[in-house]
Each structure stands twice: as C-alpha cells, then as structure tokens.
Amino acid sequence: MKPSIFSGVQPSGNLTIGNYIGAISQWVEMQKDYNCLFSVVDYHAITVKQNSDELRKKILEVTKIYLAAGIDLNNSIIFQQSMVAAHTELAWIFNCYGARIADLNKMTQFKDKAGKNQESVSIGLYDYPVLMAADILLYDTDIVPVGEDQQQHVELARDIARRFNNEFGNTFKIPQSVIRKEGARIMSLLDPTKKMSKSDENSNSYIALLDDIEAAKKKIMRAVTDSGSEIIYDPKERPAISNLLTIYAQLGGRQIPRLVKDYTGKGYGEFKKDLAEVVAKFLTGFQKRYYALSDKEVNKILEAGAKKVEKMAAEKMEKVRKVIGVR
Ligand code: AQP
C-alpha cells in the first residue's frame, strides 16, 4: 500500500501562482508515489462571507485548476468537502475531544484574518483549524503537502490526533506536513514582506492563474523591487528580487543560482521583462488546459470523487462513534 496524501484549497478569491507553486504543483509531483485525495474545501471558504452564486462557480473553477495543473484522476481523487458530511461531524467531535481554546488562540492565520475584529468574526473562522484536522485525520493521511502558512494548522491536527489516541486508543494516524524548500511562501508583488494571497483586495499584488496574459505581464513589470540593482538572492536583505527569482525558478524551470549567474551585470528591467515572458508562457499553457474543461464533466468528477471517499470516511466515523460511546 502506498502512503496517503490529503490536501486542499478553499474556493475563495482568485487562485494565484502562490497557491500553485506552494501547494498544487507539489501535489502533481507527488501523486504517482502516493494515494492522493485533493479536496475543494468549500466549508472552509464560508468562514468568511461568500456570495452563493460566486461560491458555486468557484467550486468548479478550483476543480478545473487542479485538473489543468496536472492532477491525474488515474492517480488521485478530487472531491468537494461539503459532499462528505463526515468532515463536519468529525470536526464537532474534535471540538469536544482534542482541540483546546489555548491552541486556537495561538493560530496566526486567525489573528491575521480577523485583525482588529476578533470579537465579531464568525466562530467558523476561529474553528477553521479543527475542521482542517478533521479533513486530514478522516482518511489516515500520512502526508499533507501545503505552503508554509498552513504548517501550524497541520501541527494542530497532529496534536489533536495524539490527544484523541491517548484517550480512546489508537484511532488516528499522525500525519506530517511537507513544505517545499523553495516557493513555500510566495510573497506579494507589492509588498514582499506579505504573503501573496488570493483574497488580497489589490489584484496587482498577485498573479492569478486565470489572469489575462497581458495584465499578468504588466503586474510583473510593476512589481516592487529593492533598492540596489543587482540580481541577487537574499530573502532578508533583498526580499523583492528574491521573491521574483523564486517565481522565475519555479515557473521557468531554471534554478536560482543559475539565474543569478545568467543575470550578472544585467538590470532589473531586463530581468523583469524575461520573467514576464516566463509567466506568460506558463499561464498560456495552463489556461489552454483549463478552458478545455466543461462544467458538466467537472460536476461528474466531483460526484464520483465523493462516492469514492465516502466509504473511507464512513468506516472511520463508525470507529470514532463507537469509541466515544454514541454507538
Ligand atoms: N503565497 C503563497 N505561497 C505558497 N503557498 C501558498 N498557499 C497559499 N498562499 C501561498 C498555499 O495554498 C494552499 C491553499 O490555500 P488555502 O486556499 O487553504 O488558503 P490560504 O492558505 O489562506 O491561502 P490564500 O491564498 O492566502 O487564501 P485566502 O486569501 O483565501 O486566505 C495552502 O497549502 C497554502 O499553504
């Protein structure tokens, strides 16, 4: 039996090259060696306000993005989280057994997203990591490939599993996160100290996977740069050019030391022009595959995926309900 992978993306905002480089491209590379489940985690998206028509569209959009990126249904299952009720049931059980308020108070993503409104945001936003723990632990996951920002949530899933197992006997596998060495945190094009985020209000801060190609090129040309003019990789002192080098390396398939060598003595202008072409080439191929997919076939894929995983989830839930004493 191959080890198993679970990961997902929320159908919110405009999926960016950050989501692709940090998470989805890793999934594509790993899918041959693992049993993979990739979920469109729609119940995570509603932790902040969503328009229902938009949400319905986004669920199909994210599924198409997985497929266009190269998720192969011969190796992997794609499914929609809300189609499998066990996720929310297990999250409730973890709310009662395993998760503690002290854990959730430490979550940096909640602090970032809630900002100054911590008292008025939804309880769902606060509890999001517990639902994520349920997503992962439901399927005896070994590996969770994610971007750096999600590592803290995977750590919590591990703690919840350990606590539950201590109380009720061995029920859940302890999963591990896998984070890329390069590209685990792609930064905003406008502020290289901030993560590139698909829900950023300023669309110039990110390159969306479905951006118009010319607009994407302009965003690269307008990306902020550091003071100085050398093309060097130094994330601390030169965060902006280091971020652009990472994007170039990941989408252009040329390693950073090689890029630094190739651009010795050349300026930011020339570098950015070439990077804009690399991004354009990547997006053109990606979007060709994306737009070839129909809503009808994607709906079928999601239904088939839910049927496959429901069986696994039901077996685990039967065991969980028994050990806690409700059956
Ligand atoms: N900038 C990033 N660099 C590398 N990886 C990233 N990920 C997100 N942004 C970057 C990874 O993408 C996966 C899916 O993310 P998510 O939908 O669960 O939401 P998120 O982590 O909150 O990502 P965003 O883009 O910031 O979304 P919004 O703006 O909607 O909150 C995860 O594996 C994540 O690490």
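Start at 1 and go down the list; that is how both ligands and their atoms are numbered. Reckoned from all heavy atoms, side chains included, excluding hydrogens, waters and symmetry mates.
Salt-bridge formation is detected for the pair E277/K217: a Lys NZ or Arg NE/NH1/NH2 atom is positioned less than 4.0 Å from an Asp or Glu carboxylate oxygen.
At least one heavy atom of S12 sits closer than 4.0 Å to an atom of ligand 1. A heavy-atom separation below 4.0 Å is found between G183 and ligand 1. At least one heavy atom of Y128 lies less than 4.0 angstrom from ligand 1.
A donor-acceptor contact closer than 3.5 angstrom is absent between the side chains of S39 and Q81. A donor-acceptor contact under 3.5 angstrom links the side chains of Y128 and Q10, judged on distance only.
With a 4.0 Å cut-off on non-hydrogen atoms, H44 does not touch ligand 1 at all. With a 4.0 Å cut-off on non-hydrogen atoms, S7 does not touch ligand 1 at all. Of the heavy atoms in R185, only backbone atoms (N, CA, C, O) come closer than 4.0 Å to ligand 1. Contact annotation for M187 and ligand 1: no heavy atom of the residue comes within less than 4.0 Å of the ligand.
Listed by number with element, the atoms of ligand 1 under 4.0 angstrom from any heavy atom of K113 are 22 (O), 28 (P), 31 (O). Proximity to A184 (heavy-atom distance under 4.0 Å) selects the following atoms of ligand 1: 3 (N), 4 (C), 5 (N). Atom numbering of ligand 1 starts at 1 in the shown order; those under 4.0 Å from a heavy atom of V146 are 33 (O). Taking a cut-off of under 4.0 Å to the non-hydrogen atoms of A23, the atoms of ligand 1 that pass are 12 (O), 13 (C), 33 (O).
Nearest-heavy-atom check against atom 26 (O) of ligand 1 across K198, Q26, K195 picks out K195. Distances from atom 2 (C) of ligand 1 to the heavy atoms of T47, I186, T16 show the closest one on I186.
More than 12 heavy atoms of other shown residues, nucleotides or ligands fall within 6.0 angstrom of atom CD in Q118.
The shortest N or O to N or O distance between G8 and ligand 1 is not under 3.5 Å. The N/O atoms of M196, backbone and side chain alike, include one that comes under 3.5 Å of an N/O atom in ligand 1. At under 3.5 Å, a nitrogen or oxygen of G147, whether backbone or side chain, sits near a nitrogen or oxygen of ligand 1.
Results of the side chain to side chain contact (heavy atoms under 4.5 Å, CB included) test with S76 over W27, F38, Y34 single out F38 as the only residue that passes.
Geometrically, K266 engages Y263 in a cation-pi contact, judged by NZ or CZ lying under 6.0 Å from the ring centre and within 45° of the ring axis. Taking the centre and axis of the six-membered ring of Y290, the NZ or CZ atom of K64 falls inside the cone set by 45° and 6.0 Å.
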